[in-house]
Amino acid sequence: MKAAPFDYLLAHDLDEALNHLEQYGADAKLIAGGQSLVPMMAMRLARPEWLVDINRLQSLKRIDVLDNKVHVGAGVRQRDIEFHAQVHVALPLVKQALQWVGHQQTRNRGTVGGSLVYADPSSELPLSALLLGATFYLESKSEGSRQVQAQDFFLGPMFTSVGETDCLTGIDFPIWSGGKIGCAFEETAIRRGDFAMASAACQLQLDDSQRIVRLSFGLGGMDGTPRVFPDLAQGLLGQTLAQVDIHDLSALAVAQCEPGGDMHASAQYRRHLARVLLPRVIQQAHQHALSSSINVLS
Ligand SMILES: Cc1cc2nc3c(=O)[nH]c(=O)nc-3n(C[C@H](O)[C@H](O)[C@H](O)COP(=O)(O)OP(=O)(O)OC[C@H]3O[C@@H](n4cnc5c(N)ncnc54)[C@H](O)[C@@H]3O)c2cc1C
């Protein structure tokens, strides 16, 4: 199929883009990399009357690696993060996650902000942003600037707190520091590059006695939004991994999810995958932390 007719507006700066959104409201859509929006339009699942192109907005293309966070402009291409040496060190989980996102060709065009706003429940960047506790920066003509924390950003499948006149301008990803930090990201998809049937991610930090002092883990594709389990993670602090039954822990996490079934995987199979993937990433993150004598940006 071909897209329904639309008009194209090239924004030269953020103000111009916001003005277009304010004027056309629900009839307009921002286009960033187009890797999700264009297929949706081609299938006529999206029918914007106005496409507002934000690819020329240099203010959305900054990557700033600071002491305790990395600020990523919403318009930064996924590939630019994937190959950013400082981001590798500062946000190893994001680097790992990106290797599962689509294909080299889609990552060349697809933006970090586009992926987060599209908010597919199986998407890797939303899970990573939630797990790390990212902060989202939104801008609109009527509401001005506002910040939304990751736990309030993802509201449902392909549904976020980004309103129809909002532009996501950037995201802050917190940097963990202090030594012995490890992370892992794993998923199962029908083919490499497809959206995951289920995914799991973990980042943890150990002290000198190998006790867990910081832990965050989560699942993708298992609910309407990515899921993290701060209460379960909290219960493990102060313990070594040998003292924890990670299979029981994973079963508790999976029991909190309500996966759907579709042509790719039944709900039961998704639960099975999550129970396999979650212990695996916890174990891998632990190994990674044990082998990391360097800390992240200290
Ligand atoms: C073959 C293929 C395989 C893929 N596999 C995966 C995968 O495994 N995992 C994965 O996560 N993704 C996958 N994707 C999707 C890809 O990651 C997209 O890049 C991403 O979902 C959207 O980013 P984009 O920049 O292309 O956004 P666009 O397609 O341009 O926009 C997506 C949506 O976000 C909105 N939007 C974009 N930028 C902003 C902004 N700054 N502020 C407000 N709204 C905004 C748009 O209006 C639109 O509604 C795949 C895509 C393809 C084509």
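Panel note: side chain R56, backbone D13; no donor-acceptor pair is recorded below 3.5 Å. Using a distance-only test at 3.5 Å, with no hydrogens or angles considered, no donor-acceptor pair links the side chain of T169 to the main chain of L138. The backbone N or O of A196 lies less than 3.5 Å from a partner atom in the side chain of S122, making a donor-acceptor pair. Judged by distance alone, the side chain of Q283 and the main-chain N or O of P279 form no donor-acceptor pair under 3.5 Å. Checking side-chain atoms of T111 against main-chain N and O of R77 turns up no donor-acceptor pair under 3.5 Å. A side-chain donor-acceptor contact under 3.5 Å links S250 to the backbone of I246. In terms of modelled atom types and a separation under 3.5 Å, the side chain of S123 and the main chain of P126 share no donor-acceptor contact. Judged by distance alone, the side chain of S209 and the main-chain N or O of R211 form no donor-acceptor pair under 3.5 Å. No side-chain donor-acceptor contact under 3.5 Å links R109 to the backbone of G34. Judged by distance alone, the side chain of Q205 and the main-chain N or O of G179 form a donor-acceptor pair under 3.5 Å.
Residues D64 and V70 fail the side-chain proximity criterion, which asks for heavy atoms closer than 4.5 Å. Within the 4.5 Å cutoff, no side-chain heavy atoms of Q23 are placed close to those of W50. In this structure, the side chains of Q203 and L131 come closer than 4.5 Å at one or more pairs of heavy atoms. Using a 4.5 Å heavy-atom cutoff, the side chains of I212 and T240 are not in contact. Taking the side chain as every heavy atom from C-beta outward, I81 and L98 approach each other to under 4.5 Å. In this structure, the side chains of R271 and C257 stay at 4.5 Å or more apart for every pair of heavy atoms. No side-chain heavy atom of V228 sits less than 4.5 Å from a side-chain heavy atom of F217. Taking 4.5 Å as the limit, every side-chain heavy atom of Q256 sits out of range of all side-chain heavy atoms of L252.
Between E82 and R107, at least one side-chain N (NZ, or NE/NH1/NH2) sits under 4.0 Å from a carboxylate O, which counts as a salt bridge.
Rounded to the nearest 0.5 Å, atoms CZ (F6) and CD1 (I31) are 7.0 Å apart. Rounded to the nearest 0.5 angstrom, F185 CZ and R280 CZ are separated by 13.5 Å. One finds the CD atom of Q243 at 9.5 Å from the CG atom of L236 (value rounded to the nearest 0.5 Å). Here the CG-CD distance, from L219 to E187, works out to 12.5 Å after rounding to the nearest 0.5 Å. One distance of note links CZ of R47 with CG of D27; it measures 13.0 Å at 0.5 Å rounding. To the nearest 0.5 angstrom, L215 atom CG is 10.5 Å from H286 atom NE2.
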message: side chain to side chain contact (heavy atoms under 4.5 Å, CB included) for F136 and Q147? Distances and angles first, verdict last.
response: CA-CA 5 Å; F136 294 76; Q147 297 178 20; over 6 Å; no

- request: Starting from the C-alpha separation in whole Å, work towards a yes-or-no answer on side chain to side chain contact (heavy atoms under 4.5 Å, CB included) for K180 and L204.
  value: CA-CA 8 Å; K180 289 201 175 161; L204 57 76; over 6 Å; no

- request: Test F159 against F153 for ring pair (Phe, Tyr, Trp, His ring centres under 6.0 Å), laying out the working first.
  value: CA-CA 9 Å; F159 179 38; F153 186 80; over 10 Å; no

task: Kindly determine whether E186 and S199 satisfy side chain to side chain contact (heavy atoms under 4.5 Å, CB included), including the steps that lead there.
output: CA-CA 6 Å; E186 286 276 341; S199 57; over 6 Å; no

message: Assess the residue pair H264 and Y269 against the criterion (ring pair (Phe, Tyr, Trp, His ring centres under 6.0 Å)); give the C-alpha distance rounded to whole Å, side-chain angles, the decisive distance to 0.1 Å, and a yes or no.
response: CA-CA 10 Å; H264 301 300; Y269 184 53; over 10 Å; no

message: Apply side chain to side chain contact (heavy atoms under 4.5 Å, CB included) to residues Q86 and V89 and explain how you reach the verdict.
response: CA-CA 5 Å; Q86 276 182 295; V89 180; 5.9 Å; no

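Closest approach of V94 to S128, counting heavy atoms only: CG2-CB, 4.4 Å. L21 and C167 get closest at one heavy-atom pair: CD1-N, 4.4 Å. Considering every non-hydrogen atom in both L14 and S59, the closest pair reads CB-OG, 4.5 Å. In terms of heavy atoms, F229 sits closest to A253 at CE2-O, 3.4 Å. Between E164 and A26, the shortest heavy-atom distance links the atoms OE1-CB, 3.4 Å. Nearest approach of L93 to C202, heavy atoms of both residues: CD1-O, 3.9 Å.
Clustering ILVMFWY residues whenever any of their side-chain heavy atoms sit less than 4.5 angstrom apart, transitively, puts L206 in the very cluster that holds L241. No single ILVMFWY cluster, assembled from side-chain heavy atoms under 4.5 Å apart, contains both I54 and L51. In this structure, I63 is not a member of the same hydrophobic cluster as L57, with clusters built from ILVMFWY side-chain heavy atoms closer than 4.5 Å. Clustering ILVMFWY residues whenever any of their side-chain heavy atoms sit less than 4.5 angstrom apart, transitively, puts V76 in a cluster other than the one holding F83. Following chains of ILVMFWY side-chain contacts shorter than 4.5 Å, one cannot reach L10 starting from L30, and the two form parts of different hydrophobic clusters.
Within a 6.0 Å sphere centred on CG of D262, heavy atoms belonging to other residues, nucleotides or ligands number more than 12. More than 12 heavy-atom neighbours from other residues, nucleotides or ligands sit within 6.0 angstrom of CZ on R44. For E258, the CD atom sits in a loose shell: 12 or fewer heavy atoms of surrounding residues, nucleotides or ligands are nearer than 6.0 Å.
For A184, the side-chain contact (heavy atoms from CB on, under 4.5 Å) partners are Q96, V281, Q284, A285, not counting sequence neighbours. F173 meets the ring pair (Phe, Tyr, Trp, His ring centres under 6.0 Å) test with no other residue; sequence neighbours excluded.
Applying the salt bridge (charged side-chain N to carboxylate O under 4.0 Å, His left out) test to pairs two or more places apart or on separate chains, those with a residue in residues 139-157 are D15-K141, R146-D166.
T135 and Q149 form a side-chain donor-acceptor contact under 3.5 Å, judged by distance and modelled atom types alone.
Aromatic ring pairs are classed by plane angle as parallel below 30°, tilted from 30° to 60° and perpendicular above 60°; the pair H71 and Y137 is perpendicular.
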